[in-house]
Amino acid sequence: MTAILPAKSLADRLTTLFWRKPKLLLALLITPPLLWLGVIYLGSLAALLLQSFYSIDEFSGMVVREFTLKTYGELLRPQNYDIILRTLTMSAAVTIGSVILAFPIAYYAARYARGRWKAVFYLGIMLPLWSSYLVKVYAWKLILAKEGIITWAATKTHTNFLLDAALALPGIGGNSLSTSYIGMFLVFTYVWLPFMILPMQASLERVPTSMLEASQDLGATRAQTFRTVIVPLALPGIIAGSIFTFSLTMGDYIIPQIVGNSANFIGMAVYQLQGTAGNTPLAAAFAVIPIVIMLIYLSLAKRAGAFDAL
Amino acid sequence: MTKTHKAATTAALLASLATAITPAFAEMTEVGASEGQVNIVAWPGYIERGETDKAYDWVTKFEAESGCKVNVKTANTSDEMVALMNEGGFDLVTASGDASLRLVAGKRVQAVNTALIPSWSKIDPRLQDAKWFTVDGVHYGTPYLWGPNVLMYNTDVFKEAPKSWNIVFEKMDLPDGKSNEGRVQAYDGPIHIADAAQYLMFHKPELKITSPYELNEDQYKAALDLLREQRKLVSRYWHDAYIQMDDFKNEGVVASGSWPFQVGLLQSEKLPIASTIPEEGATGWADTTMLAADAANPNCAYKWMEHTLNSNLQSDLSVWFGGNPVVPAACTDKSGMQTAEGCTANGLDNFDKIRFWTTPTANCAQGEGACVPYYRWVSDYIGVIGGR
Amino acid sequence: MPAAVEFRSVSRHFGPASAPIKAVDGVDLTIAEGAFFAMLGPSGSGKTTCLRLISGFESPTAGEICIFGENVSNTPPHLRNVNTVFQDYALFPHMNVRDNVAYGLMVKGMAKAQRYAKAEEMLALVHLDAYGNRKPGQLSGGQRQRVALARALVNEPKVLLLDEPLGALDLKLREAMQDELKSLQQRLGITFVFVTHDQHEALSMADSLAVFNDGKIAQIGTPAEIYAQPKTRFVADFVGSSNVLPPMLTQSLGGPAKWSSLRPETLHLDPTGALQGIVTSLRYLGSGHRIALTAQGQDIAAILPTGTPLPEPGQEIRLGFTPDALHIMDEA
Amino acid sequence: MRSDPNAAPLSLKIAAIGGLLFLHLPILLIFLYAFTTEERTYAFPPPGVTLKWFAAAWERPDIWQALTLSLQVATAATLLALILGTLISAAMAQARFFGREQISLLIILPIALPGVITGMSLRSAFGLMDIPFSTLTIILGHATFCIVIVYNNAVARFRRLSGGVLEASADLGANAFQTFRYILLPNLGTALLAGGMLAFALSFDEVIVTTFTAGQQATLPIWMLEELIRPRQRPVTNVVAMVVFAATFFPILLAYYLTRNGSETAGAGK
């Protein structure tokens with residue numbers, strides 16, 4: 001027997017080729033996904049962005065294919081500026097709300113739930129993710145309606161005054177929960193909550209119990225341990241989750257149509273301007289906002305190591 | 001499969017291929033074999049196959065007779081219809097006046113050869129050459145249904161029909177003693193600016209509005225100001241007929257501009273709902289079945305257009321949706337459920353008083369570029385709803 | 001008869017050509033057939049890269065590698081008739097021990113019954129015949145190491161490469177395995193090339209070894225040669241624990257003005273000895289005592305056998321040595 | 001206070017269980033209205049209980065069509081995502097190369113950007129390439145954002161899989177394809193299965209991107225959207241939602257046990 005074995009099959013020869021040219025294998029692996037994501041997806045994103053530098057002719061309403069920054073200027077018009085501000089505020093509020101609601105669930109599931117309870121928590125978090133988003137949103141409409149379940153429950157428990165007080169809040173209140181920002185916030189938080197819990201739980205699970213014990217051993221109170229050990233270690237998960245909650249809220253156009261007071265959100269504006277109003281340049285300019293925000297967000301998240309927690 | 005059947009299928013296939021390849025520039029000269037299907041963009045409630053109520057079905061029989069399966073995609077606003085037609089893939093669209101001319105100008109629809117529609121002559125003469133689908137004497141479709149945008153109200157709150165649209169435009173106490181804040185709605189489409197303009201036409205003659213669709217800057221500004229006041233009363237705009245019905249049921253809404261369609265459905269559910277046309281008059285819609293420029297199934301499309309003029313369909317449709325048939329005979333010939341009284345109630349005789357939806361353009365009766373064009377209506381109405 | 005492994009001016013550089021990291025830099029090396037050859041050096045010295053060059057997981061940037069006279073520079077790992085025992089054993093976690101051992105035979109297309117028979121034979125050789133059905137996760141470190149060995153040997157390689165094969169084992173097990181490996185190699189007559197940073201292991205097991213430093217071979221020779229006659233300061237320092245003396249000190253001890261090495265065990269107390277210094281500490285080693293002292297500003301260690309009277313720290317002593325114990329190095 | 005460190009504080013327990021209830025009460029409501037006798041106003045509490053909507057749903061051909069299409073789309077999109085996601089995770093695990101960081105960002109982009117943007121971009125791309133909207137375009141759209149799910153699962157497993165075993169396989173004489181078949185695939189298997197199931201779920205419930213990439217076809221969520229906006233038999237939507245929910249219970253449980261065992265194996269080496 002010699003030192004070199006013969007190549008018996010095509011597979012052997014191909015392997016030899018890959019070995020000699022490791023870049024070739026890499027190229028073969030990466031070309032199909034890159035063609036799809038890099039060329040078609042990015043290409044179409046670029047095409048979309050390009051449109052934002054076009055404008056709409058004032059008289060005919062036709063798209064003028066000449067470079068201009070006029071459309072971006074339009075974003076600063078009060079009604080459009082309002083939309084952006086309103087959307088970002090809602091996205092931030094939903095993200096914060098999700099973090100607060102998600103933390104106890106994720107922490108309990110990661111640290112205390114054992115055996116069957118662990119499975120219960122897993123299913124409890126995953127199942128809502130699998131049940132139709134639309135049906136859930138419509139269920140909320142029933143819950144929040146003026147003559148809906150919350151009002152019913154408040155009447156039964158004689159707590160109407162609380163509901164009325166909430167609805168009387170300036171800015172976020174309204175005629176009924178289903179036409180107020182409070183209601184919209186509740187629905188958004190509800191539908192995106194699992195997207196926050198899952199990464200948060202994943203990163204909390206990576207915190208070794210010994211580290212918590214060490215912290216307590218060193219005399220830290222629960223609050224100190226929480227603040228100085230748990231939160232920093234959970235942070236990548238929180239950031240990863242916030243990518244979803246923030247982005248999903250920012251782009252959603254179905255919930256603001258069904259719940260809320262008909263005021264526009266970025267997702268709705270993009271959808272309507274592009275689809276129904278034929279003002280593609282402005283739609284594209286609107287679309288640039290979430291893209292830029294998410295790109296900044298992602299690069300910061302990457303630096304914080306949040307991608308591993310996704 | 002028999003041999004002849006196979007040959008027929010092949011022929012149909014070739015025919016459809018031919019039409020797919022050659023753009024349908026030329027008018028059709030004859031209606032050929034069925035392509036097997038027809039794709040239609042329609043308003044909700046316009047094309048019924050008995051799924052909601054078995055009595056209202058004008059599709060099943062057509063499908064059996066023509067061999068054309070009817071696929072319907074519903075749209076809630078005219079803008080949505082235009083967008084869907086721009087995307088393509090549809091043969092027909094039931095376009096309102098504020099969409100029809102945009103579709104013609106955008107070359108999304110093609111001229112219709114009325115000679116291939118035997119029932120054409122039965123169409124209401126007032127509609128046969130209506131300007132919202134007839135350009136330079138060429139017809140771009142067949143009329144389908146017309147009607148007013150009515151004021152829908154809750155009869156528990158309004159013992160008598162409201163006389164004016166002011167209950168949805170101005171802050172006031174309603175007959176039950178409570179404010180109208182949060183209890184009225186308005187349409188979530190820029191065309192609602194025309195409703196405001198029409199209200200001003202009646203109450204502020206000094207603005208000299210002649211048509212709610214042709215507004216100069218001052219008139220337009222006045223309409224927007226009125227709508228801004230309305231914004232304070234409206235907790236949610238209605239975008240969708242069924243959601244509006246929900247809001248009347250569950251959200252305490254008692255008055256809103258609406259379509260006879262919602263009124264009819266809510267009444268059929270025994271809810272305390274009625275409608276009226278107040279003293280200011282009403283805007284309205286006159287809808288046309290238009291043929292897409294690149295229709296893949298023109299033969300079935302022509303068959304459908306002929307079918308829509310059938311007086312039985314017109315009769316049932318006008319009852320179901322709450323509008324007026326474009327074939328006047330349908331009101332009286334008892335071919336369906338419509339009656340002469342029903343047509344009168346739907347405003348058959350008010351044809352001249354209804355200001356039909358048309359697309360606002362910059363060039364109008366007030367002069368070249370004198371009017372505010374539609375795309376501004378779109379962005380400004382977004383602003384109004386956003387509280388600006 | 002060609003050498004088992006031959007390196008001809010082999011280099012392996014990483015990084016950009018303008019500022020390369022020279023992991024292996026112009027190495028010439030010949031390993032005779034049937035040798036038990038050790039590559040010794042600190043981490044980052046290039047010894048592991050050399051092993052990976054033989055197995056084919058690295059390709060030389062320059063030079064060529066021959067195995068039994070055949071240039072394998074263009075042959076991928078799976079076609080080289082050499083096998084490796086990996087440092088972390090790299091057992092396949094989803095296969096049981098038998099399947100792990102039979103893997104090489106399976107991919108070559110050997111029938112199931114036959115390859116299992118051979119696998120069992122190999123497992124018997126490493127005393128694991130009862131463990132065929134276990135998963136690697138259920139084995140101890142020593143057992144895994146032997147599975148890795150069996151898995152490599154079942155292919156009857158011409159050269160067996162071992163990458164720090166005993167590094168993960170505790171001391172006692174390591175010593176037992178050293179013996180086992182040595183006797184296995186002698187029985188099978190296969191060329192073993194193993195990489196280690198442990199000089200004891202290298203000295204005790206290898207019949208020849210190469211000491212690596214900075215991508216280059218500092219010295220090749222038998223363990224005795226390397227130990228007794230280090231060519232450079234580095235070798236002297238790294239192999240065993242030698243006192244490396246600067247030229248000045250060498251000269252004062254009667255040698256030339258060159259670097260020299262003096263093994264601690266060659267020193268003994270001698271009132272007339274040439275090396276004079278002050279004791280700084282004493283440490284008991286079991287077999288004797290290690291004495292640290294400072295002589296002419298230089299730290300010197302000496303090992304005194306048990307029974308010798310011991311000095312106290314702070315005491316000035318003199319040490320003597322036989323003349324040939326002072327090894328003069330080539331390095332200036 | 002030094003209580004048992006392995007027992008959760010009561011407040012945490014309450015908050016966690018309260019959170020879970022918040023996630024599930026609306027779903028219970030959906031179930032409740034699948035049985036209501038009153039379909040028009042959806043008053044609460046429902047006046048009566050009936051099973052007729054299950055029969056009604058069973059007999060609706062449009063549901064079956066939508067369900068079939070959704071299953072087809074989700075299956076195809078998941079397979080595509082599995083292939084592309086595995087390829088890219090293999091490439092990313094294999095080597096450091098120029099642009100690697102950018103690629104990892106690119107993979108996440110379709111899911112990190114709002115669906116309306118992904119949908120719009122794809123729509124314009126399909127338009128430019130003259131690809132007619134069809135089942136295929138829905139699948140391509142879904143696969144785009146499913147890749148990241150598979151990728152994340154696979155790349156995590158690659159990271160845990162000691163690089164040595166792939167080299168060991170080659171060292172023992174296996175060519176690249178044998179290594180893939182005998183070593184890589186069995187080790188990635190559960191990660192891919194779990195990733196695939198998540199991707200399937202995501203595709204099955206996707207509505208925003210789908211509205212942009214679908215032609216005349218209605219997937220189940222699109223059907224639901226139509227049905228919720230223009231209800232014919234409103235409780236039927238609830239029936240469908242409930243059945244889908246129930247049908248996914250066991251696959252999720254399965255995925256849980258699969259990935260859990262996967263991490264146990266990996267942990268055993270420590």
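The figures here come from the full heavy-atom set of this structure, side chains too, leaving out hydrogens, waters and symmetry mates. Naming convention: chains lettered A, B, ... in sequence-line order (proteins, then strands); numbering from 1 in each chain.
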Going through the distances and angles, do D/Thr211 and D/Val207 end up as a side-chain contact (heavy atoms from CB on, under 4.5 Å)?
-> CA-CA 6 Å; D/Thr211 51; D/Val207 58; 4.3 Å; yes

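- Contacts of A/Phe18 with chain D are made by side-chain atoms alone, with heavy-atom separations under 4.5 Å and no backbone atom involved.
- Contacts of D/Leu20 with chain A are made by both backbone and side-chain atoms, with heavy-atom separations under 4.5 Å.
- For A/Leu127, the parts lying near chain D are the backbone and the side chain together; criterion is any non-hydrogen pair under 4.5 Å.
- With a 4.5 angstrom heavy-atom cutoff, D/Thr86 does not touch chain A via any of its atoms.
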Stepwise side-chain contact (heavy atoms from CB on, under 4.5 Å) test for A/Met294 and A/Met250 = CA-CA 10 Å; A/Met294 286 322 294; A/Met250 200 160 47; 3.7 Å; yes

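- Heavy atoms of D/Ile88 lying under 4.5 Å from chain A belong to its backbone as well as its side chain.
- The choice from A/Ala145, A/Pro128, A/Ala139 that makes the most heavy-atom pairs within less than 4.5 Å of chain D is A/Pro128.
- Checked against D/Phe212 for a side-chain contact (heavy atoms from CB on, under 4.5 Å), the options D/Val116, D/Thr137, D/Leu122 give a single hit: D/Val116.
- Heavy-atom distances place both the backbone and the side chain of D/Leu109 under 4.5 Å from chain A.
- Contact count against chain A (heavy-atom pairs under 4.5 Å) is highest for D/Ile27 among D/Ile27, D/Val244, D/Ile17.
- Put simply, the side chain of A/Lys156 reaches to within 4.5 Å of the side chain of A/Trp152, judged on heavy atoms.
- Highest contact tally toward chain D, considering only A/Leu45, A/Thr151, A/Leu48, A/Asp252, is held by A/Leu45 [criterion: heavy-atom pairs under 4.5 Å].
- Proximity to chain D is absent for every atom of A/Ile266, based on heavy atoms less than 4.5 angstrom apart.
- The candidate with the highest count of non-hydrogen atom pairs below 4.5 Å against chain A, out of D/Thr179, D/Leu12, D/Leu202, D/Ile107, is D/Leu12.
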Check against side-chain contact (heavy atoms from CB on, under 4.5 Å), A/Gln257 and A/Tyr253 | CA-CA 7 Å; A/Gln257 270 180 28; A/Tyr253 63 86; 4.1 Å; yes

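- When heavy atoms are compared at a cutoff of 4.5 Å, A/Leu134 approaches chain D by way of both its backbone and its side chain.
- Chain A forms the most heavy-atom pairs under 4.5 Å with one residue out of D/Ser11, D/Ala174, D/Ala112, D/Gly115, and that residue is D/Ala112.
- For A/Tyr108, the ring-ring contact (aromatic ring centres under 6.0 Å, His included) test picks out A/Tyr112, A/Phe121, with sequence neighbours left out.
- Proximity to chain D is absent for every atom of A/Ile258, based on heavy atoms less than 4.5 angstrom apart.
- With a 4.5 angstrom heavy-atom cutoff, A/Leu37 touches chain D via backbone and side-chain atoms both.
- Heavy atoms of A/Ile293 lying under 4.5 Å from chain D are absent altogether.
- With contacts defined as side-chain heavy-atom distances shorter than 4.5 Å, the pair A/Val187/A/Leu144 qualifies.
- For the residue pair A/Tyr138 / D/Thr237, no side-chain donor-acceptor distance below 3.5 Å is found, with atom types taken as modelled.
- In this structure the side chain of A/Ile197 never reaches within 4.5 angstrom of the side chain of A/Phe103, judged on heavy atoms.
- Residue contact with chain D, scored on non-hydrogen atoms closer than 4.5 Å, involves the backbone and the side chain of A/Tyr133 alike.
- In this structure, the side chains of D/Leu25 and D/Leu29 stay at 4.5 Å or more apart for every pair of heavy atoms.
- In this structure, the portions of D/Leu140 lying under 4.5 Å from any heavy atom of chain A include both its backbone and its side chain.
- Side-chain contact check for D/Val239 versus D/Val243: some heavy-atom pair is nearer than 4.5 Å.
- A donor-acceptor contact closer than 3.5 angstrom is absent between the side chains of A/Tyr190 and A/Ser98.
- Of the listed residues (A/Ile291, A/Ile143, A/Leu14), the one with the most heavy-atom contacts under 4.5 Å to chain D is A/Ile291.
- In terms of non-hydrogen atom pairs under 4.5 Å with chain D, the most contact-rich of A/Leu193, A/Val191, A/Val137, A/Leu248 is A/Leu193.
- Checked by atom type, the side-chain pair D/Thr144/A/Trp36 shows a donor-acceptor distance below 3.5 Å.
- Only the side chain of A/Ser9 comes within contact range of chain D, with heavy atoms under 4.5 Å apart.
- Not counting sequence neighbours, D/Phe177 has no partner by the ring-ring contact (aromatic ring centres under 6.0 Å, His included) test.
- At a cut-off of 3.5 Å, with distance as the only test, no side-chain donor of D/Ser104 or D/Tyr151 sits close to an acceptor on the other residue.
- Within the 4.5 angstrom heavy-atom criterion, only side-chain atoms of D/Phe126, from C-beta onward, approach chain A.
- The choice from A/Ala106, A/Pro32, A/Ala119, A/Ala47 that makes the most heavy-atom pairs within less than 4.5 Å of chain D is A/Ala119.
- When D/Met224, D/Gln102, D/Glu206 are compared by the number of non-hydrogen pairs under 4.5 Å with chain A, D/Met224 comes out ahead.
- For the options A/Tyr297, A/Trp140, A/Phe286, A/Tyr107, heavy-atom pairs under 4.5 Å to chain D are most numerous at A/Trp140.
- A/Leu49 does not touch chain D: none of its heavy atoms, backbone or side chain, sits under 4.5 Å away.
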